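Heads up, the thing below is written out as structure tokens.
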Amino acid sequence: MTAPVRVAILGSTGSIGRQALDVAARYPERIEVVALAAGSDEAALAEQIRTHRPVCAALADPQAADRLRTRLGDDAPEIMSGEEGVCAVAADPRTDVVLSAIVGFAGLAPTLAACAAGKRVALANKESLAAAGALVMATAARYQAEIIPVDSEHSAIFQCLQGVAREQIDRLILTASGGPLRTRPLDTLESVTPQEAVAHPTWTMGPKISVDSATLMNKGLEVIEARWLFDWPAERIEVRIHPQSVVHSLVALSDGALLAQAGAPDMRGPIGYALSYPERLPGLLPFPAQTLGTWEFFEPEASRYKCLWLAYDALEAGAGYPAALNAANEVSVAEFLNGNLPFTRIASTNGEVLRRAVAARLGEGADSLADVRAIDAWARREAVRVIRSR
């Protein structure tokens, strides 16, 4: 019998992390949880440690790490803290696969640490490639790390491309549900509440990515991600609204054929595939055959989904500008969720920060983590200025 793959889960207390632990618990003969890392939720991490018995763990919040040690007492594994501790978990030699599922820019440094350690990286942190795609891919190539996408759309493209020569590809087509506001009248979007924006119709996700789905910023970030992940030009990456969320993405081939990957709208599917690749986990999810007669596809409305087109603008401007767009979006979404920003001003704030970044020629140098951090910090400050000035 083949030994189980040894997995580190970064962001274990979040939505993706919890679903990954569910997959691991269902297939203990195939997946061994060796390390866990999270932000500040020591209570949730303590429960995960008791259940899965990792050899090491980390919390980005040092005070939370201290509380975790006290909470677990003699049952505590090796516990580290701070960004350095999370990066140490990502690079731990006792692991084979690192699931990078920390939400936002905070996931970049651990992703780079896993790549520099030559790991197989199951990448669920889209912001790593959105903010620093060239740097992440160069680091992976230098240290012979392997990146397997976990985003359902990129997992679908990755699966469709197995055995397909590059010269046979015409276009990559990312699908999007359209979010919870797809049919809401445009003149009422100003009054959208955080509760309405996070009420996703088909996926179970955290609040930040749920809002990104409502604005289609998540799809914009995924366009950026696909550009770097598959080394494919942005002008040949398309987006289609698919409300049923069963066809996760498509690849158009040069002879007119169209390859599609379909499955239940459940993140355990792409998580399981990334952790077990090139094998598959039998019986993981049932196929939703009842949806076969209902599939629909639409072009996204430019007036409804302005954030999507900002991503294309950022890519066209240069390698460093997506980092500024991503940072602005994290700030504007947080302000919206806190009740301090109208829904429609998420897109206008992001666009204004990107415009100012281009005017300042900010994103023309993004060759190191320090460069990307500087762009990110500048864009966050600028986003706050834009929000406070209106």
Side-chain angles (χ1 to χ4, degrees), residues 15 103 126 130 151-153 173-224 234 237-250 265-267 288 290-291 293-315 325-326 328-355 383-384 386-390:
S15 176
V103 175
K126 62 170 56 71
D151 268 351
S152 61
E153 297 80 3
I173 304 171
L174 301 171
T175 59
S177 70
L181 310 175
R182 181 177 63 85
T183 60
R184 180 158 171 158
L186 290 175
D187 60 3
T188 70
L189 291 180
E190 180 83 12
S191 62
V192 168
T193 66
Q195 292 73 26
E196 291 171 325
V198 302
H200 201 283
T202 52
W203 291 96
T204 300
M205 304 182 294
K208 192 267 183 184
I209 192 172
S210 295
V211 175
D212 283 350
S213 179
T215 64
L216 229 61
M217 187 72 253
N218 73 319
K219 212 55 50 178
L221 296 177
E222 288 169 11
V223 169
I224 298 170
I237 302 172
E238 299 179 0
V239 173
R240 291 293 180 270
I241 303 294
H242 171 53
Q244 294 75 32
S245 299
V246 176
V247 176
H248 299 306
S249 277
L250 310 97
D266 189 317
M267 284 304 300
Q290 73 277 7
T291 70
T294 67
W295 294 356
E296 301 171 291
F297 298 89
F298 310 102
E299 290 195 21
E301 301 173 61
S303 57
R304 183 178 299 274
Y305 299 117
K306 296 176 182 178
C307 284
L308 171 62
W309 312 111
L310 290 175
Y312 285 97
D313 292 343
L315 274 174
L325 177 62
N326 176 72
N329 184 65
E330 289 193 15
V331 172
S332 58
V333 169
E335 289 291 292
F336 167 71
L337 287 171
N338 288 331
N340 300 325
L341 189 71
F343 179 78
T344 50
R345 280 188 56 193
I346 294 174
S348 62
T349 299
N350 295 349
E352 178 60 20
V353 172
L354 179 61
R355 186 194 68 77
V384 171
V386 171
I387 292 169
R388 299 291 181 261
S389 67
R390 298 182 180 179

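All values derive from a computational prediction rather than experimental measurement.
Here the shortest heavy-atom pairing between P300 and V239 reads CD-O, 3.3 Å. Residues L341 and F336 share a closest heavy-atom pair of O-CD1, 3.2 Å. Considering all non-hydrogen atoms of both residues, W309 and A302 come closest at NE1-CA, 3.2 Å. Shown here for P288 and T291, the closest heavy-atom pair between the two residues is O-OG1, 2.8 Å. Residues P207 and L337 come closest through the heavy atom pair CB-CD1, 4.1 Å. When every heavy atom of A197 is checked against every heavy atom of A214, the shortest pair comes out as O-CB, 3.9 Å.
Put simply, the side chain of Q244 gets close to the backbone of E296: a donor and an acceptor are under 3.5 Å apart. R304 places no side-chain N or O within 3.5 Å of a backbone atom of G178 that could act as its donor or acceptor partner. Judged by distance alone, the side chain of R240 and the main-chain N or O of I173 form no donor-acceptor pair under 3.5 Å. Within the 3.5 Å criterion, the main-chain N or O of L189 finds no donor-acceptor partner in the side chain of T344.
Contact of the L174 side chain with the S249 side chain is registered, since non-hydrogen atoms from C-beta on lie closer than 4.5 Å. Counting only heavy atoms from C-beta outward, the side chains of L250 and E238 never approach each other to under 4.5 Å. Residues E222 and D151 form a side-chain contact, since some pair of their non-hydrogen atoms from C-beta on lies under 4.5 Å apart. Within the 4.5 Å cutoff, the side chain of V223 has heavy atoms near those of the L315 side chain. Here the side chains of L325 and D313 are not in contact, with every heavy-atom distance at 4.5 Å or above.
Here the CD1 atom belonging to I387 is positioned 5.0 Å from the CD atom belonging to E335, to the nearest 0.5 angstrom. Rounding to the nearest 0.5 Å places CG of L181 at 10.5 Å from CG of L186. In this structure, CD1 in I224 is found 13.0 Å from NZ in K219, a value given to the nearest 0.5 Å. Note that NZ of K126 is 5.5 Å distant from CG of N218, once rounded to the nearest 0.5 Å. One finds the OG atom of S332 at 9.0 Å from the CE atom of M217 (value rounded to the nearest 0.5 Å). Taking CG of L354 as the reference point, atom OG1 of T349 lies at 12.5 Å (rounded to 0.5 Å).
In this structure, a donor-acceptor pair under 3.5 Å is present between the side chains of T202 and S245.
Exactly one residue among N329, V192, V333 makes a side chain to side chain contact (heavy atoms under 4.5 Å, CB included) with V211. That residue is V333.
Checked for salt-bridge contact, R184 and E196 meet the test: a charged N lies under 4.0 Å from a carboxylate O.
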May I have the step-by-step check of side chain to side chain contact (heavy atoms under 4.5 Å, CB included) for F298 and R182, ending in yes or no? CA-CA 11 Å; F298 310 102; R182 181 177 63 85; 4.1 Å; yes
Show, in sequence, the C-alpha distance, side-chain angles and deciding distance for S177 and H200, and conclude whether the side chain to side chain contact (heavy atoms under 4.5 Å, CB included) test is met. CA-CA 9 Å; S177 70; H200 201 283; 3.0 Å; yes
Side chain to side chain contact (heavy atoms under 4.5 Å, CB included), that's the test. Do V103 and I209 meet it? Break it down for me. CA-CA 9 Å; V103 175; I209 192 172; over 6 Å; no
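Within 6.0 Å of the NZ atom in K306, the count of heavy atoms belonging to other residues, nucleotides or ligands does not exceed 12. Atom CD of E299 is surrounded by 12 or fewer heavy atoms from other residues, nucleotides or ligands within 6.0 Å.
A parallel orientation is assigned to the rings of H242 and F297, their planes being inclined by less than 30° (bins at 30° and 60°).
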